[in-house]
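Below you'll find the structure, written out as structure tokens, and then a few comments.
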Amino acid sequence: MRKGAKTAIVGGVFAVMVGGAGYGAFNIVSAIAGGSDAKGERVKTGPPSSDEVKETSAEFFAAWEQGKAAKAAQYTNNAGVAQPLFAGYRTEAHLTDVKITPGTPSGGRVPFSVAATVSYEGKSKPLSYKSELTVVRGDTTGRALVDWQPTVLHPDLAEGDSLVTGEAASPPIEAVDRNGTVLSKEKYPSLGPILDQLREKYGETAGGTPGVELAIRSSDEEAGDKTLVTLAKGEPGKLPTTLSAGVQAAAEKAVKEYSESSVVAVKPSTGEVLAVANNRADEFNAAFLGKLAPGSTMKIISAATLIDNGITTATGPAPCPDTAPWQSQTFKNIEGMEPNENATLSESFARSCNTAFVKYADSVAVDSLTKEAQERFGLGRDDWKTGIASFDGSVPASGGPNTAANMLGQGEVQMNPLNMASVTATAMTGRFRQPVIVPQSLDDRELATAKGLDAGTVAQLRQMMNRTAVSGTAAKAMADVGGGSIGAKTGSAEVDGRKTADSWFTGYRDDIAAAAMAQEGGRGGDVAGPIVAAVLRASS
């Protein structure tokens, strides 16, 4: 659709033009949708009445159905932005025969359903969807007005997006897994946004021919178009991925059990991504793009930092007191943990003792953790090229209390499941292999590199992670993953303003490493743990 097709932009572009046109232009828009009363009369205040809600929404729907863009926009509180969008609904999206059926209002909210026909170059198909609007009181006029949001026009529209019908921006793809199995949105729903990205980036490379469709064009070019109606199918090109259909199916099933959860599995010997799944209402690929504190899963990197800097070893001391003060903060352990002043690093790691790591904050430089993450684990350098958009972690050199907090995966550290699966893969092999979701040979992109870990550090990390999986905080989740070489680490990340911590878990079984996160899921072993265990079992 990018070839010769105009777009009706949702959001700020038109608004900027209006603002730049001068004071007079601003007043025109203001008068239409909430300007001051010209007669100086006192305007109405308070929420609109039920009669006002019904009348305003009915007039708004009628203007929309009739294709009267200017009139429909006048019933909103942002006419300058709404008008070109309603015009584009007909001229760019080619939607006609619009019929809107309102539901039962609740306060100022009015649910409604839309039935329309998309017609383009002699081809027509029906479109139907449901949305909702809210009627509010205009700030200056006191009129009852529709609170303008892009979702009023279509529930999947975001600010800056557009509805367009025409030749597809990219040819369709037939994505296949490492064994040639087709990966469809229907069978693997959480892959939908990822397949859209792959189509956007590799559609032409894969050799297909574009079709004709109505789609949402995202303002984020890396996000890819979201097809709503296909008028004429294109010829798909075959696109190889590193995914495994079996592991992907297990990942999809596992995240369905927990809301706001994400998981990634990688093959440590190659860096290939075997599965990526998200269970989120917003369809955000938090597995690759999330930026959240990873909690105690970060202790894998922290332990490596202590070992590589000669501070202690797996069998060396790492006392676990009740509390550990560091500058202006006092750090505690999870409720119920018994203190042990004679604990080794291995024991404190397996029990996920916070104070043991905080006690060593005096012994590390402000940038020690940052260097370990960047130079050995390949994190935080903004140079990963997985094949789709991704975030490669952030471990800043923080001073003050955050020097200690960062070691616990709190403070200013930001990670996602992709990052932590990679951390586990590096810890078990000693070599950093940048994760990829499509083969490097597809586009010869340059992959990130790092020097990895010494063999002695790897042996100690594997011993500590195995202890955690067998008898530590990860033992319950890892109890039935099967035989072979196993290891794990749990994490619970406290987030300001939330009563419940984010749940994190990462683990490995032979040549598969996986990491999961569930926002507000609680302790790592209780929610994220079962997700990872299910994925690891699928590798057998």
Side-chain angles (χ1 to χ4, degrees), residues 1-10 57-69 71-73 75-76 82-104 110-133 146 148-158 161-174 184-187 189 192-193 195-196 199-200 203 208-218 223-236 281 283:
M1 287 176 291
R2 297 186 190 279
K3 301 175 183 177
K6 297 179 181 179
T7 59
I9 302 299
V10 178
S57 59
E59 294 289 349
F60 172 72
F61 291 145
W64 183 354
E65 286 179 332
Q66 295 162 16
K68 296 178 178 179
K71 186 175 181 180
Y75 288 102
T76 76
Q83 180 172 340
L85 297 171
F86 279 110
Y89 196 80
R90 296 262 176 169
T91 61
E92 310 303 340
H94 297 275
L95 287 162
T96 59
D97 302 326
V98 180
K99 176 63 177 176
I100 301 173
T101 304
T104 303
V110 181
F112 61 93
S113 59
V114 178
T117 301
V118 54
S119 300
Y120 186 81
E121 295 185 347
K123 299 178 177 65
S124 296
K125 279 194 176 180
L127 170 72
S128 61
Y129 58 89
K130 295 181 179 181
S131 194
E132 181 180 275
L133 60 77
V146 172
W148 177 251
Q149 304 292 336
T151 52
V152 172
L153 198 65
H154 191 281
D156 293 336
L157 278 175
D161 290 355
S162 55
L163 280 169
V164 187
T165 296
E167 184 177 286
S170 302
I173 60 168
E174 184 180 71
S184 66
K185 299 178 185 180
E186 293 72 26
K187 189 168 184 179
L195 294 175
D196 288 341
R199 175 188 174 186
E200 180 79 12
T209 56
V212 177
E213 63 186 28
L214 165 66
I216 294 175
R217 172 139 322 137
S218 173
D225 290 357
K226 179 172 183 176
T227 302
L228 300 178
V229 175
T230 299
L231 295 174
K233 291 184 178 181
E235 185 66 31
E283 296 190 343

By side chain to side chain donor-acceptor pair (under 3.5 Å), Ser124 pairs with (sequence neighbours left out) Ser119

Residues two or more places apart in sequence or in another chain: which of them pass side chain to side chain donor-acceptor pair (under 3.5 Å) with Gln66? Lys68

Using the test salt bridge (charged side-chain N to carboxylate O under 4.0 Å, His left out), find all partners of Glu132 that sit at least two apart in sequence or belong to another chain. Arg109

What residues form a salt bridge (charged side-chain N to carboxylate O under 4.0 Å, His left out) with Lys226, not counting sequence neighbours? Asp156, Glu283

For Lys233, is there any backbone N or O sitting under 3.5 Å from a side-chain donor or acceptor partner on Thr230? no

Rounded to the nearest 0.5 Å, what's the gap from [atom1] on [X] to [atom2] on [Y]? Could you check?
X	Y	atom1	atom2	result
Thr117	Lys125	OG1	NZ	12.5 Å
Leu163	Leu214	CG	CG	6.0 Å
Thr101	Lys99	OG1	NZ	5.5 Å

For the pair Tyr129 and His154, name the ring-plane relationship: parallel under 30°, tilted 30 to 60°, perpendicular over 60°. tilted

Tell me every residue that passes side chain to side chain contact (heavy atoms under 4.5 Å, CB included) with Thr151, counting only those two or more places apart in sequence or in another chain. Gln149

Give a yes or no on whether a salt bridge exists between Asp225 and Arg199, defined as a side-chain N under 4.0 angstrom from a carboxylate O. no

With Phe112, which residues qualify under ring-ring contact (aromatic ring centres under 6.0 Å, His included), at least two apart? Phe61, Trp64

